[in-house]
Every structure is written in structure tokens, then in C-alpha cells.
Amino acid sequence: MSVLDILKECAINVYDNTKDVIGTLEGKKKFGVGAGGDVSTRIDLIAERSVFDILKKNAFDPNVVGEECGLVEGKDAGIIVMDGVDGTTNANCGLPFYCCSLAYSPDMNLTSVTDSVVFNLVSGDIFYASKSKGSFMNGKRLSTIKDPSLAIDEMVIGLNISGLSREHFNSISNLVSSINHVRHLGANALELCYFARGSIDAYIDVRDKIRSIDMAACYLIAKEAGGLIFDTTGRELNCGLSVDSRMSFIAVANIEMYNWIKNLISE
């Protein structure tokens, strides 16, 4: 079985084991703070255990880094980056937008990720990609390709503003006032997959808060769909895949869109 197939099986197991618990009082029960710094709930722990169960079933034992478990060392090469439930707050509040995010990399760099899966835990849609093989949703190839002449008033821009500092808010104020359609849905991995699908024209997070755990899987899916993903200095986005790694990024369908956005974001 390929790495990608194992990741898919892991994600399906997360769905099967959490679907009847999400939204219940039992699912919301808190169990302290996870390695990523957020409060761990019952559904987070069920999701992580569901991944480990499938890895064990397939005798696949790489290192695993997860939001709740931190770094778990294995005997096989490479590392799996796991966010069992990205968008836990949405799940616990009854907002239908959350997912399971899984990626595999041979080393500790974001740009080295070779296989990824993001599973929409509400709809059952599965996004996936392998390096140099394209990205897909339910078997249909994805593409971010947009007409460079797309009118500004037609753009849909994803913008993560949760816990945004006043300094960062001021830096994006010109951008926010220049566009008519801003979206923030509460699960970065799934939002970037909708960018890969072409539903969102750009996705921006300048808070210096997003974790590599949230980005590892959707990064490859967006890149394989033709997306361009930069850090705020204009370099191709890269970071380490540790549990405490943080970043900002701008994901766009073409360089013209990046230049337009960057000109509106003040340093």
C-alpha cells in the first residue's frame, strides 16, 4: 500500500470514529493543553488515536508530529504531520466546516512534503496530492488557474484574522477596504483546499501564528493545483515541521494577484 493510500485510510478512520461524537457533550470534554498549545478535546484525542491505529495496522512506523501528541518517534523513515481535527472549535460549536489533515515528508521541511490528504469531516469530500502528480478532490483534478484580468470586485479572498494583533490589522487595512468578498471559515487546511479548488482566489494569513501542522497537507495540495505560496518577504514558503513552528503566508493563483495584494499590505 502506498503512503498516500495509508493517509487516506487514516483520514477515513478519523471520520468513522468521530462522526457520532462531534457536537456532543462527550466530544467537547476537555483534557488539558496539547503539544500545539491549544486545549485538547475528546474528539481531538479520538482523531489522533484513529490515525495511530491505522498506521499500526499497516505496520507503518515513521515519526509522527501532532497538535495533541507532539513528536512521537517511530522506527521507519520520514515523518507524518497530523492534525486529527483542524477546526475543532467549529466542530464543537456546530459550525459545519472542519477536517482531518495528514501529510508525509521524508524530512523536516514543509517543501519536502510528498503526500497529503485533507478530509472534509462534514461532507466526506477528500482532497489529496502526491508530489509532481497533481492534486485532486474525489478523483477530480484541481486547478487554481485564474484569469489575471479578474476584476477586483469579483475576487473572493480568504483572510485569517483570528487573534490578529493591532499592528497586523493596520498592515492589512488597505487590503480589507479594497475588496468586497472576504471569507474566514475557521479551518486553515480546508480553506486552502478550497483555494486549490478555485473557490477562493487567494488566501492570506499574516498573523505569524499558523502552525506547520495546519499547513503541511494543504500546502502540497495547493501547490500541486498550481497555486503560488509565499511568505511575507516574497520568498517561496518553507518552514520546519516541528510542533512549535509558526509562519505567515500569501497563497495566490498567479503572480499578478500576489503583486496586487502585496502592494496593499504595508510593512
Side-chain angles (χ1 to χ4, degrees), residues 1-19 22 47-48 50-51 54 66-67 79-88 90-91 95-105 110-146 156-158 160 183-205 210-229 237 241 249 251-253:
M1 183 179 286
S2 70
V3 171
L4 183 63
D5 286 337
I6 293 173
L7 295 183
K8 288 179 179 179
E9 187 178 355
C10 288
I12 291 169
N13 200 43
V14 169
Y15 174 73
D16 289 341
N17 290 333
T18 60
K19 63 182 180 179
I22 286 176
E48 285 204 348
S50 299
V51 172
I54 296 301
E67 188 174 344
I79 183 167
I80 286 178
V81 185
M82 165 177 64
D83 193 351
V85 181
D86 180 33
T88 301
N90 281 354
L95 295 173
F97 196 84
Y98 44 92
C99 66
C100 173
S101 173
L102 302 167
Y104 174 81
S105 175
L110 178 66
T111 54
S112 298
V113 170
T114 60
D115 299 275
S116 19
V117 169
V118 173
F119 193 100
N120 187 325
L121 293 171
V122 179
S123 67
D125 291 326
I126 184 168
F127 298 84
Y128 56 92
S130 290
K131 203 163 195 173
S132 302
K133 295 182 179 179
S135 58
F136 301 84
M137 172 186 159
N138 302 333
K140 182 179 179 180
R141 186 178 285 270
L142 301 176
S143 176
T144 63
I145 294 173
K146 294 285 182 179
V156 178
I157 306 293
N160 194 332
R183 300 292 183 267
H184 175 36
L185 304 175
N188 263 51
L190 194 51
E191 287 172 88
L192 207 57
C193 285
Y194 276 92
F195 161 74
R197 189 184 180 188
S199 302
I200 299 172
D201 299 303
Y203 192 78
I204 303 163
D205 189 335
I210 192 67
R211 292 175 292 238
S212 61
I213 290 173
D214 300 305
M215 284 294 293
C218 60
Y219 169 86
L220 181 64
I221 291 168
K223 292 281 288 184
E224 287 293 320
L228 306 174
I229 309 179
L237 183 67
L241 294 175
F249 69 90
V252 292

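Here the structure is a predicted model, which is why all the values come from computation and not from measurement.
To the nearest 0.5 Å, atom CD1 of residue I213 and atom CG of residue D83 are 7.0 Å apart. L7 contributes atom CG, which lies 9.0 Å from atom CD1 of I126 (distance to the nearest 0.5 angstrom). Interatomic distance, CG of L220 versus OG of S105, reported as 10.0 Å (0.5 Å rounding). Between C100 atom SG and D86 atom CG the span is 9.5 Å, to the nearest 0.5 Å. Distance check, rounded to the nearest 0.5 Å: CE of M137 to OG of S199 gives 8.0 Å. The CD1 atom of I80 sits 11.5 Å away from the OG atom of S116 when rounded to the nearest 0.5 Å.
When all heavy atoms of R183 and V156 are compared, the closest pair comes out as CG-CG1, 3.8 Å. Heavy atoms only, all atoms of each residue included: V51 and C10 are closest at O-SG, 3.8 Å. Between N13 and S50, the shortest heavy-atom contact is ND2-O, 3.0 Å. P96 approaches V122 most closely through the heavy-atom pair C-CG2, 3.5 Å. When all heavy atoms of L142 and F127 are compared, the closest pair comes out as CD1-CD2, 3.8 Å. Considering every non-hydrogen atom in both T144 and A222, the closest pair reads CG2-O, 4.3 Å.
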Checking side chain to side chain contact (heavy atoms under 4.5 Å, CB included) for the pair L192/I221: CA distance, chi angles, key distance, verdict?
CA-CA 8 Å; L192 207 57; I221 291 168; over 6 Å; no
For I6 and Y104, what are the C-alpha separation, side-chain angles and deciding distance, and is it a side chain to side chain contact (heavy atoms under 4.5 Å, CB included)?
CA-CA 10 Å; I6 293 173; Y104 174 81; over 6 Å; no
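For Y219, the ring-ring contact (aromatic ring centres under 6.0 Å, His included) criterion is met by no residue, not counting sequence neighbours. Under the ring-ring contact (aromatic ring centres under 6.0 Å, His included) criterion, F119 pairs with Y15, sequence neighbours left out.
Under the side chain to side chain contact (heavy atoms under 4.5 Å, CB included) rule, N160 has a single partner from I204, D205, D214, L185, which is D205.
Although no hydrogens or angles enter the test, the distance criterion places a donor-acceptor pair under 3.5 Å between the side chain of S135 and the main chain of A225. Counting only distance, with no hydrogens or angles, the side chain of E9 and the backbone of D5 share no donor-acceptor pair below 3.5 Å. Proximity of a side-chain donor or acceptor of E224 to a complementary backbone N or O of K133 within less than 3.5 Å is detected. Judged purely by atom type and a 3.5 angstrom limit, N120 has no side-chain atom pairing as donor or acceptor with the backbone of C99.
Counting heavy atoms from C-beta on, the side chains of K223 and K131 never come closer than 4.5 Å.
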